[in-house]
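Notes to accompany the following structure.
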Amino acid sequence: MKKRIANILALPQVGEQLQIAGWVRTRRDASGFSFIEVGDGSCLANIQVIADQTLANYGDEVKKLSAGCSVLITGILQESPAKGQAVELRALEVQVLGWADPESYPLQKKHHSFEFLRNISQMRPRTNALGAVARVRSRLSYGVHTFFQERGFIQVHTPIITTSDCEGAGEMFQVTTPSAAEGGGEFFGRPAGLTVSGQLQAEVYAQALGDVYTFGPTFRAENSNTSRHLAEFWMVEPEMAFCDLPGNMEVAEEMLKYLLRLVLAECREDLALFDRFIAKGLLAKLQQVVEQDFAHITYTEAVEQLLQSNQPFTYPVQWGIDLQSEHERYLTETIYQRPLIVTDYPAAIKPFYMRVSDDGRTVAAMDILVPGIGEIIGGSQREERYDVLLARMLEAGIEPSGYEWYLDLRRYGSVPHSGFGLGFERLVQFVTGMANIREVIPFPRTPGFAPC
RNA sequence: UCCCCGGUAGCUCAGCUGGUAGAGCAGGUGACUGUUAAUCACCCUGUCGGCGGUUCGAAUCCGUCCCGGGGAGCCA
């Protein structure tokens, strides 16, 4: 019976005959037999196969196996007499499915830089670290769905192509066809682009179904070259009707803790790899985040604390400025040393859809900052009052005619509602400790880089 | 996009103030071995990122472009 290595190692049954299919990591020869380490991606660990000279193809094939070859092996699971593994597979048959020329196969049994691996994105998931990232990412993605589904949220597939810009979310990629552009027209009859956020459309469904979420790809045509930005990334955006800012923050904190608890319980082996080689102390840090309450301060308090700190910031602090990276880092990494929720930002620096507070100068916004990453979540209570929303749009120089559909939500049965956006890759970065965001998405797209 | 740093063998890097290149690993061959980043011996490997300039002579100095890294801006 063909089995995944993860399943074999989770519940080893010595004496069982079984079949594995995977890729050779390395081969070591002893007298009369060879050790073949095979991995199949189901887990970090490989299984050690003992292939001896009684195999029909031992001399012709087995002794020529090298890293990257694909094999189908039938054998009997036995206790391993040596240290390093509890069980091993004594091969009865080794079938080579695909060879990998050792002269040109790019992966070696040694450390490779992530920069190098990025240039062979077709091979890099075969490495320990990138394979582990893929498994953790998958588990987190599934966890996002279970978190919301368990709470009765409805998933909404918001459009990838849109004609509405979500203000403050950055530049849009344009979408048209060569023939439409040639004729001076637009395929959709008006300028269209790839979505920068599903929020506005999610609001539509929230005001029909209550609690909804969207989780999909998002695109930003910014010329950003940093370890925290991608031109194509995935975003989790819940939108909740009859929900105010405190309720919004509660869901956000609960969601982050749920997801961390999930991977701490189910991705232990992979996280241990990151803890050991990528970010020392990672497991302790994640555990701490799960156990502590997030710190809460208002923007105004944050400004006061930054002013009192007497730190020589490059950007001087003053009420009304947007908090810079150095400020956010100082708050979450030095003062609080844990996740921090900053609320009630000045209205002037936030988008039109955020709800204006009674003081008239702040909005019901919240950002969650985490050590090492900075902003991981941004959200707000949305402006539900038609007049206020319209005034804010005009103030921001937005032509309301393109947003009649959005204004309709405030004309007909408008309700208080809130939501937030979580940068999924930043979550994966936080959980894995990977320094560069390009390593936590299978095929990163950045300015000048999209090889396949 | 801005600032700083870098680009040398398949990979990771060394190469001082200019004198036309090295190490480890990988790969090949052989030996040895219940091995596990195996060990030992021998062998192979280069448009020194591209273009232009200075110089008798450039991996090394200058200019420029491309690419990467760190930081910043924009944001998630």
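First the proteins, then the strands, lettered A, B, ... as listed; each starts at 1.
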Please measure how far the [atom1] atom in [N] lies from the corresponding atom in [M], and state the result in whole Å.
| N | M | atom1 | answer |
| --- | --- | --- | --- |
| U45(B) | G28(B) | P | 16 Å |
| U20(B) | U60(B) | C1' | 12 Å |
| A26(B) | U39(B) | P | 7 Å |
| U12(B) | C44(B) | P | 24 Å |
| A14(B) | G30(B) | P | 35 Å |
| C13(B) | A21(B) | C1' | 14 Å |
| U17(B) | G7(B) | P | 14 Å |

In this structure, how many angstroms lie between the [atom2] atom of [N] and the [atom1] atom of [X], rounded?
| X | N | atom1 | atom2 | answer |
| --- | --- | --- | --- | --- |
| Glu79(A) | G34(B) | CD | C1' | 15 Å |
| Phe114(A) | C11(B) | CZ | P | 17 Å |
| Arg124(A) | C11(B) | CZ | C1' | 17 Å |
| Glu103(A) | C43(B) | CD | P | 17 Å |
| Leu117(A) | G69(B) | CG | C1' | 15 Å |
| Leu427(A) | C75(B) | CG | P | 22 Å |
| Leu323(A) | C74(B) | CG | P | 11 Å |
| Gln78(A) | U35(B) | CD | P | 15 Å |

Tell me which nucleotide among [options] gets nearest to the side chain of [X].
| X | options | result |
| --- | --- | --- |
| Ser227(A) | G70(B), G34(B), C75(B) | G70(B) |
| Tyr315(A) | G27(B), G73(B), G69(B) | G73(B) |
| Arg220(A) | U33(B), G68(B), C75(B) | C75(B) |
| Ser113(A) | G34(B), G68(B), U12(B) | U12(B) |
| Phe116(A) | U35(B), G27(B), U12(B) | U12(B) |

So, is [X] close to the [N] phosphate, meaning a side-chain N or O under 4.0 Å from OP1 or OP2?
| X | N | answer |
| --- | --- | --- |
| Arg228(A) | A72(B) | yes |
| Asn436(A) | G70(B) | yes |
| Asn225(A) | U1(B) | no |
| Ser31(A) | G34(B) | yes |
| Ser80(A) | G34(B) | no |

Return whichever of Lys63(A) or Asn223(A) has its heavy-atom-nearest nucleotide of RNA chain B closer to the 5' end. Asn223(A)
Between Glu375(A) and Thr446(A), whichever has its closest RNA chain B nucleotide further toward 5' is Thr446(A)
Regarding [N], can its base be found pairing with the side chain of [X] as donor and acceptor, where the two atoms are less than 3.5 Å apart?
| X | N | result |
| --- | --- | --- |
| Asp29(A) | U33(B) | no |
| Gln48(A) | U35(B) | yes |
| His112(A) | C11(B) | no |
| Ser224(A) | C75(B) | no |
| Gln108(A) | G10(B) | yes |
| Glu88(A) | G34(B) | yes |
| Gln85(A) | U35(B) | yes |

Using the six-membered ring wherever Trp is involved, compare the ring planes of Tyr403(A) and Phe352(A) and label them parallel, tilted or perpendicular (cut-offs 30° and 60°). perpendicular
What is the base-pairing partner of [N], counting Watson-Crick and G-U wobble geometry with both distances under 3.5 Å?
| N | value |
| --- | --- |
| U39(B) | A31(B) |
| U17(B) | none |
| C25(B) | G10(B) |
| G46(B) | none |
| U54(B) | none |
| C2(B) | G71(B) |

Atom [atom1] of [X] with >12 non-hydrogen neighbours under 6.0 angstrom:
| X | atom1 | answer |
| --- | --- | --- |
| Glu301(A) | CD | yes |
| Arg28(A) | CZ | yes |
| His145(A) | NE2 | yes |
| Tyr142(A) | OH | no |
| Phe148(A) | CZ | yes |

Does [X] reach a base, just sugar-phosphate, or nothing at all? Heavy atoms under 4.0 Å.
| X | answer |
| --- | --- |
| Ile376(A) | sugar-phosphate |
| Gln324(A) | sugar-phosphate |
| Pro81(A) | base |
| Arg90(A) | base |
| Arg438(A) | sugar-phosphate |
| Ile50(A) | base |
| Phe33(A) | base |

Taking every heavy atom of Arg338(A) against every heavy atom of Phe294(A), the minimum-distance pair comes out as NH1-C, 4.2 Å
Heavy-atom pair of closest approach, residues Ala231(A) and Phe173(A): O-CE1, 3.8 Å
Is a side-chain N or O of Asp275(A) found less than 3.5 angstrom from the main chain of Leu282(A), in a donor-acceptor match? yes
Passing option when Glu328(A) is tested against Leu323(A), Val370(A), Leu306(A) for side chain to side chain contact (heavy atoms under 4.5 Å, CB included): Leu323(A)
